[in-house]
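These notes are about the structure you will find just below.
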Amino acid sequence: MSLIIFNTLSGKKEVFEPVRENIVGMYVCGVTVYDYCHVGHARSGVVFDTIFRYLKHCGYDVTYVRNFTDIDDKIINRSKEQNISWQELTEKFIQAFYEDMGRLYIQSPTEEPKATDHIQEMLDMISSLIERGKAYESEGDVFYSVSSFDEYGQLSGKNIADLQAGARVDVNEKKRDALDFVLWKKSKPDEPNWDSPWGAGRPGWHIECSAMGRKYFGDTFDIHGGGKDLVFPHHENEIAQSCGVTGCLPVRFWVHNGFVNIDKEKMSKSLGNFFTLRDIYKKFHPEALRLFLVSSHYRSPIDFSMKNLEDAEKVILRFYEALDNAESIVGDHNISLDEIKNHPFLAKCEKAMNDDFNTAVVVAHLNEESRRINSECILIGSGEGDKKNLALRLSTFRFVGELLGLLTGSPEKIRQEIFNIKKTELELDVGKIECLIDDRNEARKNKDWGRADECREELAHMGVVLEDTSKGTEWKIK
RNA sequence: GGCACCGUCGCCAAGUGGUAAGGCAGAGGUCUGCAAAACCUUUAUCGGCGGUUCGAGUCCGCCCGGUGCCUCCA
């Protein structure tokens, strides 16, 4: 069965076929490194990481390139505010990016180029555009002439006339046309700059992705991704630039993820309604966040709320609970990759993923499968059931989880991690809790159920729930 | 103003022509000293009005409500 992907360029789902057989080139716009990542960045990171994982699962040899924009106005301004160099600033936030995104189980892309390492490639493209009459120099700046490209607007479904009518762009007397965008920007005396045929300056934003995409993949590659907000003007401009140089479309499939909303509004820096990943991690486990993000389809808007994260955390714990139940029964088991790949549960999940990466349906399948695993455990406990069958279910369950970047750890580990987060957040007095549990167990031993229930009540008021197991009394936070 | 998108159970969320997946919350049950966990059972006709069709949440039109892009933005 073939993989279908929604292509922003055509506005339709299309059968995916790479330019070169079995080889896929995917370029995704990364972040501008001047601040900590928020949930919106996480969504994009998780969406394309999941796509990366799935393409590899399909057997493609995938080269995944995700850039860092490490020079622009915001970076210059922020470094001035903080009185540090732009290099120092960007290095700091690249490190923070790795820490915050890494906790979401996002795999390293094949390449992670920085804009400032590709100045020469950009200059080459800009020169070429000028030679072909697609760009012009004006007082040290270089602009792309939008009117020179007839197909401008094909990606975003806009036309030049409408854009001009509603143009909100700055009036800039250096431009021949308000829609023209900057390829090279003359620098002010105290700003970072690079030499160019048009004097000292720095690149415009859009050209970096064109130059780096072309460097790693050549004139045409398979998938270009990013958030929906990049469709216009960023990706529209990329097409114009690349086409201007090569004469051909740079990308076969344009893939865009939807926004993260807060109360129905887009989460963004300018609205100030964003949560950084660091803040989220103080309250919730990263794996709960990842599950939340893959629980909706990647193109839909997703409403971020504490309630939704709490729900996701319950579900991820359920998944691990099923793993734990099954693993304690099965013990060491040897399931081959072939057996997993032939399991009907995997086929079901592949069917969903093949339909434009429908991770929400896969999550639903995981829920159903976790129930089947638990049922099988109960059967085995009562002398029926089949351990081999359970082992196979268990292994396939984990395998599918890992396709989504989930279920890579041990049940014990995640329980402990979530426990530690809650304990810190609620400032629980562990000594007192353990003391009450001891009291209760003493009362239970004496069959003093009244006293035992009092202890449970008191703990419940603290948000602590008890669970009497064969291994003793465990407690967790509600 | 232009161009898109969205409106499915209390909440979250799949489903692009054939009688509505899944999760959370709720209800009942099994288990338990009581609980918890787990398991079983249970809860919707899809914003409104028309139309196309043998048949529509799914296509078309209008209306109501919401969002996004058109400026930096994942």
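Naming: A, B, ... by sequence-line order, numbering from 1 per chain.
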As a test of understanding, state which of A:Glu412, A:Lys413, A:Glu287, A:Arg415 forms a side-chain hydrogen bond (donor to acceptor under 3.5 Å, both in side chains) with A:Tyr320. A:Glu287
So A:Asn257, base contact, sugar-phosphate only, or nothing? Heavy-atom distance under 4.0 Å. base
A:Phe48, A:Phe217, A:Tyr27 screened by ring-ring contact (aromatic ring centres under 6.0 Å, His included) with A:His224, the one that passes: A:Tyr27
Return a single string for nucleotides 34-40 of chain B, one symbol per nucleotide in 5' to 3' order, where B is base contact, S is sugar-phosphate-only contact and - is none, cutoff 4.0 angstrom on heavy atoms. BBBSSSS
Rounded distance (Å) that lies between atom C1' of B:C12 and atom NZ of A:Lys307: 6 Å
Under 4.0 angstrom, heavy atoms only, what part of the nucleic acid is A:Lys74 near: base, sugar-phosphate, or nothing? sugar-phosphate
Provide the distance between the two P atoms, one in B:U45 and one in B:G65, to the nearest whole Å. 25 Å
Counting side-chain heavy atoms from C-beta on, which of B:G68, B:U16, B:G22 comes nearest to A:Lys13? B:U16
Base paired to B:U32 (Watson-Crick or G-U; both N/O distances under 3.5 angstrom): none
Please report the C-alpha distance between A:Phe68 and A:Phe97 in whole Å, then the side-chain angles of each, then the deciding distance to 0.1 Å, and finally whether the side chain to side chain contact (heavy atoms under 4.5 Å, CB included) criterion is met. CA-CA 10 Å; A:Phe68 284 115; A:Phe97 176 94; 3.7 Å; yes
How would you label the contact of A:Gly30 with the nucleic acid (heavy atoms, under 4.0 Å): base, sugar-phosphate, or nothing? sugar-phosphate
Which whole-number value in Å describes the distance from A:Ile106 CD1 to B:A74 P? 14 Å
Name the pairing partner of B:A4, where a pair is Watson-Crick or G-U wobble with both distances under 3.5 Å, or state none. B:U67
Taking A:Ser79 for its side chain and A:Ile76 for its backbone only, find out whether a donor-acceptor pair lies under 3.5 Å. yes
Rounded to whole Å, how long is the line connecting atom CD1 of A:Ile51 with atom P of B:A74? 17 Å
If I pick the P atom on B:U67 and the same atom on B:U16, what distance separates them, to the nearest angstrom? 26 Å
Decide side chain to side chain contact (heavy atoms under 4.5 Å, CB included) for A:Leu366 and A:Phe397; before the verdict, give the C-alpha distance in whole Å, the side-chain angles of both, and the deciding distance to 0.1 Å. CA-CA 7 Å; A:Leu366 283 170; A:Phe397 185 76; 3.5 Å; yes
May I have the distance from A:Met353 (atom CE) to B:A21 (atom P), rounded to whole angstrom? 22 Å
Using Watson-Crick or G-U wobble geometry with both distances under 3.5 Å, which nucleotide pairs with B:U58? none
Scan residues 224-235 of chain A for pairs that pass salt bridge (charged side-chain N to carboxylate O under 4.0 Å, His left out), counting only residues two or more places apart or in two chains. A:Asp229-A:Lys266
What distance, rounded to whole Å, do you find between the two P atoms, one in B:G15 and one in B:C6? 11 Å
Determine the interatomic distance between P on B:C60 and the same-named atom on B:U53; round to the nearest Å. 16 Å
Taking 4.0 angstrom as the limit, do A:Asp141 and A:Lys174 come out as a salt bridge? yes
Any strand, both distances under 3.5 Å, Watson-Crick or G-U wobble: B:A21 pairs with none
Using a strict 4.0 Å threshold on nitrogen-to-oxygen distance, state whether A:Asp355 and A:Lys13 make a salt bridge. yes
So what does A:Val231 touch, heavy atoms closer than 4.0 Å: a base, only the sugar-phosphate, or nothing? nothing
Short heteroatom pairs, N/O only, protein and nucleotides 2-5 of chain B, under 3.5 Å:
unit_1 : atom_1 : unit_2   : atom_2 : d
B:G2   : O2'    : A:Asp162 : OD2    : 2.8
B:G2   : N2     : A:Lys158 : NZ     : 3.4
B:C3   : O2'    : A:Gly157 : O      : 3.4

If the C1' atom of B:U58 is compared with that of B:G18, how far apart are they to the nearest Å? 11 Å
Watson-Crick or G-U wobble partner of B:U52, both distances under 3.5 Å: none
Is A:Arg371 paired with A:Glu368 through a side-chain N to carboxylate O contact shorter than 4.0 Å? no
Can you tell which of A:Val62, A:Asn7, A:Leu55 makes a side-chain contact (heavy atoms from CB on, under 4.5 Å) with A:Ile223? A:Leu55
Consider the side chain of A:Lys314, meaning its heavy atoms from C-beta on, and name the nucleotide among B:A21, B:A74, B:A25 that approaches it most closely. B:A25
I need the NE2-P distance between A:His41 and B:A74, as an integer number of Å. 4 Å
Give, for atom CE of A:Met353 and atom CG of A:Leu404, the distance between the pair rounded to the nearest 0.5 Å. 6.0 Å
Selection from B:A14, B:G23, B:G33 that lies nearest to any side-chain heavy atom of A:Ala452: B:G33
Scan side-chain atoms only and decide if A:Asn354 and A:Tyr54 contain a donor-acceptor pair under the 3.5 Å cut-off. yes
Suppose we define a pair by two distances each less than 3.5 Å, Watson-Crick or G-U wobble; what does B:U16 pair with here? none
Whole-angstrom distance between B:G10 and B:A27, as gauged at atom C1': 14 Å
Of the candidate nucleotides B:C69, B:C12, B:U16, which contains the atom at the shortest distance from the side chain of A:Lys266? B:C69
Return the nearest nucleotide to the side chain of A:Ser300; candidates are B:A14, B:C69, B:A74. B:A14
Distance in angstrom units between A:His365 NE2 and B:G15 P, rounded: 11 Å
Integer angstrom distance from the P of B:C70 to that of B:C62: 26 Å
So which one's nearest nucleotide on RNA chain B is more toward 5', A:Val315 or A:Ser295? A:Ser295
Geometric cation-pi criterion A:Lys283 and A:Phe275, 6.0 Å radius, 45° cone: no
Separation of A:Leu293 atom CG from B:C12 atom P, in whole Å? 16 Å
note: A:Leu291, atom CG; B:G23, atom P; distance rounded to Å ~ 13 Å
For A:His234, report the nucleic acid contact type (base, sugar-phosphate, nothing); a contact means any heavy atom under 4.0 Å. nothing
What's the closest nucleotide to the A:Lys264 side chain, out of B:A14, B:U67, B:G23? B:U67
Nearest to the side chain of A:Pro233 - B:C72, B:C24, B:A74? B:C72
Counting any heavy atom closer than 4.0 Å, what does A:Phe292 reach on the DNA or RNA strands: base, sugar-phosphate only, or nothing? nothing
On a whole-Å scale, what distance lies between the P atoms belonging to B:C11 and B:G48? 15 Å
Pick the nucleotide of RNA chain B nearest each of A:Trp449 and A:Asp229; which residue has the one closer to the 5' end? A:Trp449
Does B:U42 pair with anything, Watson-Crick or G-U wobble, both distances under 3.5 Å, and if so, with which nucleotide? B:G26
